[in-house]
Amino acid sequence: QVQLAESGGGLVQSGGSLRLSCVFSENFFDLYSMAWYRQAPGKEREWVATITTDFKSNYVDSVKGRFTISRDNAKKTVYLQMNNLKAEDTAVYYCALPSRGYWGQGTLVTVSS
């Protein structure tokens, strides 16, 4: 059974930083692009960032310059470094392998203003 296990969420003050991690259970991790999504209270899930197999990244405009997605294929892990966090970044963050429909359970990030 494919599993994606996120960690690293928590409570942080505005302007602070967090790093999310997502460990993938299968060995074909390096064959696919990986992504982070988030869902804020009362809102629809939105795409945050993607990293391709050749380590190219893309971001939603609202996080550009603040968030960095990265991957370590040897560890089958994708990361999301979040700096200068804002209250509007509060959400449950999900990692995903979108092309195969695999999703993690999510980790809550709360930014206090």
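Along the sequence shown, the residues carry numbers beginning at 1.
- We find that Asp61 and Lys64 are joined by a salt bridge, their nearest charged nitrogen and carboxylate oxygen being less than 4.0 Å apart.
- The minimum heavy-atom distance between Leu18 and Leu85, with the atom names listed, is N-CD1, 3.9 Å.
- In the model, Tyr37 has no side-chain atom that pairs as donor or acceptor with a side-chain atom of Arg45 under 3.5 Å.
- In this structure, Arg100 satisfies the cation-pi test against Phe28, with its NZ or CZ atom closer than 6.0 Å to the six-membered ring centre and inside 45 degrees of the ring normal.
- Arg66 and Asp89 make their closest contact through NH1-OD2, 2.7 Å (heavy atoms, listed as atom of the first residue, atom of the second, distance).
- Put simply, Val78 and Tyr59 are part of the same group of oily side chains (I, L, V, M, F, W, Y) that touch within less than 4.5 Å, one to the next.
- No more than 12 heavy atoms of other residues, nucleotides or ligands sit less than 6.0 Å from atom CD of Gln105.
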>> Run Leu97 and Ser99 through side-chain contact (heavy atoms from CB on, under 4.5 Å) and show every step you take.
In response: CA-CA 6 Å; Leu97 199 166; Ser99 61; 3.3 Å; yes

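- The aromatic rings of Phe29 and Phe24 lie tilted to each other, with the angle between the two planes from 30° to 60°.
- With no hydrogens or angles considered, no side-chain donor-acceptor pair links Thr77 and Asp72 at under 3.5 Å.
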> Does the side-chain contact (heavy atoms from CB on, under 4.5 Å) test come out yes or no for Tyr93 and Met82, once each step is laid out?
Replying inline: CA-CA 11 Å; Tyr93 284 72; Met82 305 184 295; 3.9 Å; yes

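- Side-chain N or O atoms of Thr107 include one that pairs as donor or acceptor with a backbone N or O of Gly9 at under 3.5 Å.
- Taking all atoms of both residues into account, the shortest heavy-atom contact from Cys95 to Leu4 is SG-CD2, 3.6 Å.
- A cation-pi contact, defined as under 6.0 Å to the ring centre and within 45° of the axis, links Arg19 to Tyr79.
- Distance alone, capped at 3.5 Å, places no donor-acceptor pair between the Thr68 side chain and the Gln81 backbone.
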